[in-house]
Amino acid sequence: MLSESSSFLKGVMLGSIFCALITMLGHIRIGHGDRMHQHKHHHLQAPNKEDILKISEDERMELSKGFRVYCIILVKPKDVSLWAAVRETWTKHCDKAEFFSSENVKVFESINMETDDMWLMMRKAYKYAFDKYRDQYNWFFLARPTMFAIIENLKYFLLKK
């Protein structure tokens, strides 16, 4: 019995040392130097004011009719305090915004997806929106109530595409 416990303690000690060594090696950066803060992904950026002003008013109106944004907001009833803020702020700038919830909520109008699984809720919401509005909207924007979106910047970005 004594030899079994000493083998167990040796295993625990060796395992602990091995984990600590792997953790320390994982934090060492080799060959990065000053490049550590550089990154290669592309930042989305709205066109500058001069580019927008070069487009005539008629062209701008035609372009804005050419794309319409439908906002999908995925919510859970526990986030009800955030719903009002979202509804009163940035969703007013969507061409249409609807809340998709995990269950029926009496306080706010929402579409019940009947699931708590956020992945499944997102898939159902996209399918619902696309099936119902595919001919009216060509951009579907998904958000959570903890997000803040500037829809105008999204639309300006889409003007360049």
Scan for disulfide bond (SG atoms under 2.5 Å apart) pairs involving residues 107-149, sequence neighbours excluded, and state none if there are none. none

Verify same cluster id: Leu120, Val75 (apolar side-chain graph, 4.5 Å): no

Could you go step by step and tell me if Thr146 and Leu82 meet the side-chain contact (heavy atoms from CB on, under 4.5 Å) rule? CA-CA 7 Å; Thr146 54; Leu82 302 172; 3.6 Å; yes

For residues 111-127, the salt bridge (charged side-chain N to carboxylate O under 4.0 Å, His left out) pairs (sequence neighbours left out) are Lys127-Asp131

Hey, what else clusters with Phe140 if you join Ile, Leu, Val, Met, Phe, Trp, Tyr whenever side-chain heavy atoms sit under 4.5 Å? Tyr70, Ile72, Leu74, Phe100, Ile111, Met113, Met118, Trp119, Met121, Met122, Tyr126, Tyr128, Phe130, Tyr133, Tyr137, Leu142

Under the side-chain contact (heavy atoms from CB on, under 4.5 Å) test, which residues partner Ala149, sequence neighbours left out? Trp90, Phe141, Ile151

If you look at every heavy atom in Thr91 and Ala97, which pair is closest and at what distance? CB-CB, 3.8 Å

If the condition is salt bridge (charged side-chain N to carboxylate O under 4.0 Å, His left out), which residues does Arg144 pass it with, not counting sequence neighbours? Asp79

With Lys78 via side chain to side chain donor-acceptor pair (under 3.5 Å) - residues at least two apart: none

Contacts of Asn104 that satisfy side-chain contact (heavy atoms from CB on, under 4.5 Å) - sequence neighbours left out: Asn112

Given the rule that I, L, V, M, F, W and Y join up when any side-chain heavy atoms are under 4.5 Å apart, are Met13 and Phe8 in one cluster? no

Under the salt bridge (charged side-chain N to carboxylate O under 4.0 Å, His left out) rule, what pairs show up with a residue in residues 84-94, not counting sequence neighbours? Glu88-Lys92

Atom CD in Glu109, atom CD in Glu98: separation rounded to 0.5 Å? 7.5 Å

Residues in side-chain contact (heavy atoms from CB on, under 4.5 Å) contact with Ser16, at least two apart in sequence or another chain: Val12

How would you list all residue pairs meeting disulfide bond (SG atoms under 2.5 Å apart) that involve residues 85-159, not counting sequence neighbours? Cys71-Cys94

Given salt bridge (charged side-chain N to carboxylate O under 4.0 Å, His left out), test Arg68 with Asp135 step by step and report yes or no. CA-CA 10 Å; Arg68 293 176 42 85; Asp135 297 329; over 6 Å; no

